[in-house]
Amino acid sequence: MCGIVGAIAPRDVTPILIEGLRRLEYRGYDSTGVALVDGNGQLALRRAVGKVARLEEKLTAAPCSGAIGIAHSRWATHGGVTEANAHPHVSGGRIAVIHNGIIENYEPLRAELLERGYVFQSETDTEVIAHLIHDCAKTAGDLTRAVQQAVARLTGAYAIVVFDAQVPDRIVVARIASPLVIGLGEGENFVASDVQALLPETRRFIFLEEGDVADIRRDTVEIFNQQGEAVTRPEHVSSLSADAVERGEYAHYMLKEIYEQPRAIADTLSERIVGDHVLEAAFGPKAATILPQVMQVHIVACGTSYHAGLVARYYLEQGARIPCTVEVASEYRYRNPVVSPNTLFLAISQSGETADTLAALREAKKLGYVATAAICNVPESSLVREADLSLMTRAGPEVGVASTKAFTTQLAALSLLGLAVAQRRGIDRRITALYARQIRSLPEMVEHTLKLDAQIKVWAEQFADKHHALFLGRGPSYPIALEGALKLKEISYIHAEAYPAGELKHGPLALVDDDMPVIAVAPNDRLLEKLKSNLQEVRARGARLFVFADPNTGFEPGDGIEIMTMPDHIEPLQSPLLYTIPLQLLAYHVAVLRGTDVDQPRNLAKSVTVE
Ligand code: F6R
C-alpha cells in the first residue's frame, strides 16, 4: 500500500527520504517519487516505475538535494502504473503533493479545475488535490489555510503531505481515514505514514487524529482539528528499534518471520498468564467491567486475520461455551446486522489500519454492542485507539507481505481471550488450568515443529510445477487449511483452494486427478476417522496425498501418499497454531523454487488502507 515520508531539516533530506521509502517497501508498491526544494529554490522532481532502487538510479543520474522534501511509494488505484501517475504531483511548478487513500469526488473536482485552466499530467485523483491547493493558495495567503480550504472540499480517505516551493519553510499535512504520524527531531521534523519509516531519525511521535491538519516547520509543529481550532496531541515514545526490520542471515523476511514465531508467541503470552490464570487487565482498564457482561462474540477481520477469527470460534464455543460468529469485514460493513444483547464486537488485524476492518469497527460502534475490542499488532494503530478493549500481539514488525508470525500470535492472543472468558463464565478451574498450561507450552512446541523445515523443503519440489493444489481439514483444522491455501496462492501463484474435507463429495471431488496434489491437516482429534474416510475418496481418484499428521494416527506412507509426522503430544487447543507452521514453510519453499517475489508478491500490499 502507498507509503509517505517527508522531512524539513537544516541538512539535505534526500537520504532520509530514500531510507524511509526503503523501510516502507514491505507495504507493497509499484512506483516511487521524491520532490525537494533545491539550493536555487526550484522544485526538483524525480519519479520512477518499480522499486526504490530505480528511483535511486534516477537520483544518481540527475542528482538533487534540499532541506525540505517529500517522497512516496505508490500502489496504483486511479490510473495505471506509469511515471506520470507516480507521486509527487505538482501544480504550477510550486505546490508538490503526495497522497495515500482515495478521493471519491475527484471527477467533479477535476472537471471544475479543468474549466479554471489547470492542465492535468496524470490520471490520478491526487493531482486534483495539488491543483485544488494551488487554487486555494492564490487567495488564502498561507499554505496551511489553503490546505484547510482544499481538504474541506474532498470526500474519501486521505493522508496528504504538501509543500510550496515558493515558501519552503514548512510542510503541511492532513488526514482522514489514512494513518499519518509526525516524527519530532531536534531542530528538524518529519512525517510518515508509518513509524517504521522514521525510526533511524527519531523515536518521538505524534499521531494525527481524524480531520487534523498540521503545519510542520523545523522548530515547531502546530496542529488544527477539523474545525480549524489549534489542538495539542500527545507525544509517544516508540519502543521499536530501528533494526527490528533487518533481514539478517535469512534469504527472505518471510523466512525470518516464520523462525521468529517461538519468540513472538512467547512475547504475546508473557505477563498475561500468571500461574494458570489470564490477567484480564491485559485487555485494558475497562476489561473488568466489560468481560463479565459478554455472552456472545462477533468477530470481523480480513484475509489471514479472518482465518484467525475462524479458529477463535472454536476457542470461544468449545472452551468458553459462548456463541461466536465470524465474518469478513468487507461484507459486514454493508450488511446492516442485527445485534444480540451482550455481544462483544471483536476486530482482528495485524496492521490495525485495514480500511474494511476499521470501517466495520466504526459501524459496530453505532449498533449497540456491549463493547468493541481489537486484537492487533500495532499499538499506535487507529483500530487500537478506537476500540474499547485491546490485546496487542507482540509479533514485532512484520515485513513479508504474507502474514506468518502475525497470524500465530493472533491465535495465541485469541486463546487468551477464550481463557479469560472461560474464567469469567465459571468453567471448571481444572479445565481452565489445563488450557493455561497448553497455551504456555506453545512457544516450545513451535520450536520443535520448525525442525520439520528440511523435510518440507524436499516435499516442496513436488509442488513447484503444479498449477493447482487442494487443502483439506476438518473442525478447527479447516481454517488452517484455508490459511495454508492462502499462503501458497499468494506467494507461489499456484491456484490453491481449501475445503472442509466433508464437503468434498458435494462438488470439489470432480477436480481431483493425478495432477492435483492434496494436502491434509490431520491432528489426532475426534474428527480424525472422518477425515481418513474423506482422504480415501481422494486417493481413489488418483490424487497424490500429502498428510501432516500427529504420531500414532495410523497413516502409512505408500504409493501416492506421503506422511509428515508432527511432534508428539499436540493437544487439540494447540493443533491449529502448530499445524500452521509446516504449511507456511511449504508455501515458502515452493515459492522460492518457482522464483517468485516471496516478500512482495505481485498485486498485493501489506496494509490495505483503501476499500
Ligand atoms: C495474507 C495477508 C492478508 C491480511 C489482510 C488483513 O497473508 O497478510 O490477507 O491478513 O490484508 O490485514 P490486517 O491483518 O493488517 O488487517
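Read the numbers this way: they start at 1 and go in the same order the structure lists the ligands and their atoms.
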**Message:** Tyr369: which residues meet the ring pair (Phe, Tyr, Trp, His ring centres under 6.0 Å) condition with it, sequence neighbours left out?
**Reply:** Phe345
**Message:** Contact between Asp212 and Ile176 at the side-chain level, heavy atoms closer than 4.5 Å - yes or no?
**Reply:** no
**Asked** When you look for protein heavy atoms under 4.0 Å from ligand 1, which residues do they belong to?
**Response** Cys302, Gly303, Thr304, Ser305, Ser349, Gln350, Ser351, Thr354, Val401, Ala402, Ser403, Leu486, Lys487, Glu490
**Message:** Is the distance between the ring centroids of Phe407 and His307 under 6.0 Å?
**Reply:** no
**Message:** Is the distance from the ring center of His298 to that of Tyr332 below 6.0 Å?
**Reply:** yes
**Item:** Aromatic plane relationship, His87 with His72 - under 30° parallel, 30 to 60° tilted, over 60° perpendicular
**Value:** parallel
**Message:** Tell me if the centroids of the rings in Phe546 and Phe463 come within less than 6.0 Å of each other.
**Reply:** yes
